[in-house]
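Scroll down for the structure; my scribbles are underneath it.
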Amino acid sequence: MIAFVSGRVAAAGPDAAVIDVHGVGLSVQCTPATLAGLRVGEEARVPTSMVVREDSLTLFGFADDDERSVFELLQTASGVGPRLALAMLAVHSPDALRRAVAAEDVASLTKVPGIGKKGAQRIVLELKDRLGGPVGAAGDAPAQVRAEPWREQVQNGLINLGWSARDADAAVDAVAADLDGETPPVAVLLKAALKRLSK
């Protein structure tokens with residue numbers, strides 16, 4: 001089990017980063033929010049969870065230990081694999097997921113691509129007693145999609161992919177202008193910004 005990787009960020013893409021650990025480049029699958037906190041060329045310590053399959057060893061990276069714990073707990077629900085667990089954390093913070101499950105907020109869970117109403121109900125049923133209550137300060141707040149920091153996350157993602165800060169700003173502004181009400185997941189916004197820049 002690899003609990004964390006520590007080293008220089010050698011590369012960062014839309015869904016993964018490469019961490020140089022003493023000359024070995026480890027590819028780590030991450031949420032857009034985690035990737036936004038990494039800077040190519042700078043040192044980073046990324047908590048990780050290793051998923052072993054017959055044909056692969058995959059490292060998943062997180063912003064902190066709490067996010068990793070929730071990732072591992074989510075997979076104890078039937079039908080939730082590592083990719084879906086990561087998608088859930090791309091849309092919701094760990095505390096937002098705890099609130100959604102505790103409140104049986106199926107609508108919040110179905111905002112995650114790949115989770116339908118029945119899947120959300122099963123997750124609530126199986127994880128209600130395992131996830132616990134929110135650990136952050138906003139324990140009484142309703143479950144919310146990660147929305148507020150999306151501009152910075154998308155901008156940092158674009159800069160990590162090699163775009164200038166000016167181009168990234170313009171793309172983020174263009175995507176923001178197209179938003180109508182609800183804010184989609186950061187990964188969707190990042191793809192929309194990349195489409196703008198490739199025109």
Side-chain angles (χ1 to χ4, degrees), residues 9-19 27-42 44 46 48 58-64 67-68 70-71 74 79-97 99-100 105-117 119-120 123 136 138 141-199:
V9 180
D15 54 10
V18 176
I19 311 291
S27 177
V28 184
Q29 303 288 310
C30 304
T31 64
T34 302
L35 288 166
L38 302 176
R39 299 282 175 281
V40 174
E42 291 184 8
V46 182
T48 57
T58 309
L59 271 179
F60 292 87
F62 308 95
D64 53 38
E67 198 172 68
R68 178 183 60 199
V70 170
F71 170 80
L74 290 172
V80 179
R83 299 280 173 202
L84 187 55
L86 197 69
M88 291 171 79
L89 286 163
V91 176
H92 296 289
S93 69
D95 274 354
L97 281 171
R99 285 191 290 270
D105 185 356
V106 170
S108 281
L109 295 174
T110 56
K111 287 175 183 168
V112 179
I115 297 182
K117 191 176 178 184
I123 288 164
Q144 286 182 338
V145 173
R146 281 182 168 168
E148 303 77 26
W150 76 265
R151 292 179 76 102
E152 186 187 351
Q153 290 169 10
V154 171
Q155 185 186 20
N156 288 338
L158 293 171
I159 291 167
N160 279 338
L161 290 169
W163 299 96
S164 70
R166 199 171 117 191
D167 286 344
D169 271 342
V172 166
D173 287 341
V175 170
D178 287 345
L179 289 181
D180 186 21
E182 202 171 284
T183 307
V186 173
V188 173
L189 294 163
L190 184 57
K191 281 178 187 168
L194 285 167
K195 272 187 189 171
R196 289 269 176 185
L197 288 166
S198 62
K199 280 183 180 175

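Values reported hereafter were calculated over all heavy atoms of this structure, with side chains retained and with hydrogens, waters and symmetry mates removed.
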Next on the checklist: Go through it in stages, so that I can follow the logic: the residues are Leu97 and Leu74, the test is side-chain contact (heavy atoms from CB on, under 4.5 Å), and I'd like the CA-CA distance, side-chain angles, deciding distance and then a yes or no.
Outcome noted: CA-CA 10 Å; Leu97 281 171; Leu74 290 172; 4.0 Å; yes
Can you give me every donor-acceptor pair (side chain of residues 170-179, partner residue at least two apart or in another chain, under 3.5 Å) with its distance?
unit_1	atom_1	unit_2	atom_2	d
Asp173	OD1	Arg151	NH2	2.5
Asp178	OD1	Arg196	NH2	3.4
Asp178	OD2	Arg196	NH2	2.2

Item to check | Closest non-hydrogen atom pair, Pro94 against Val70 | outcome: CB-CG2, 3.7 Å
Next on the checklist: As a quick check of understanding, evaluate side-chain contact (heavy atoms from CB on, under 4.5 Å) for Leu194 and Trp163, giving each step before the final call.
Outcome noted: CA-CA 10 Å; Leu194 285 167; Trp163 299 96; 3.7 Å; yes
Checklist outcome for this item: Taking every heavy atom of Ala85 against every heavy atom of Phe71, the minimum-distance pair comes out as CB-CD1, 3.6 Å
Next on the checklist: Taking side-chain contact (heavy atoms from CB on, under 4.5 Å) as the definition, give me every residue that meets it alongside Pro113, ordered by chain and number, with sequence neighbours left out.
Outcome noted: Val91
Checklist entry - Taking all atoms of both residues into account, what is the closest heavy-atom pair of Val106 and Ala120, and its distance? => result CG1-CB, 3.6 Å
Checklist outcome for this item: All heavy atoms of Arg68 vs all of Thr48, minimum pair found to be CD-O, 2.9 Å
Next on the checklist: Once rounded to the nearest 0.5 Å, what's the spacing between atom CG of Leu86 and atom CZ of Phe60?
Outcome noted: 6.0 Å
Checklist entry - In Å, rounded to the nearest 0.5 Å, how long is the span from NZ of Lys191 to CG of Leu189? => result 11.0 Å
Next on the checklist: Holding to side-chain contact (heavy atoms from CB on, under 4.5 Å), I want the full list of residues that pass it with Val18, two or more places apart in sequence or in another chain.
Outcome noted: Ala10, Ala11
Item to check | Taking every non-hydrogen atom, the tightest pair across Leu35 and Cys30 | outcome: CG-CB, 3.7 Å
Checklist entry - Does the side-chain contact (heavy atoms from CB on, under 4.5 Å) test come out yes or no for Arg99 and His92, once each step is laid out? => result CA-CA 10 Å; Arg99 285 191 290 270; His92 296 289; over 6 Å; no
Item to check | Residue pair Val46 / Leu38, side-chain heavy-atom distance below 4.5 Å | outcome: yes
Item to check | pair Asp105-Lys111: side-chain heavy atoms closer than 4.5 Å | outcome: no
Item to check | Intermediate values then yes/no, side-chain contact (heavy atoms from CB on, under 4.5 Å), Val112 and Leu84 | outcome: CA-CA 8 Å; Val112 179; Leu84 187 55; 4.3 Å; yes
Item to check | CD1 on Ile115 to CD1 on Ile123, rounded to 0.5 Å | outcome: 4.0 Å
Checklist outcome for this item: In terms of heavy-atom contacts, Ala44 and Val9 come closest through CB-CG2, 3.7 Å
Item to check | 4.5 Å side-chain heavy-atom contact, Leu197 and Asp167 | outcome: yes
Checklist entry - Does Arg83 reach the main-chain N or O of Val80 with its side chain, forming a donor-acceptor pair under 3.5 Å? => result no
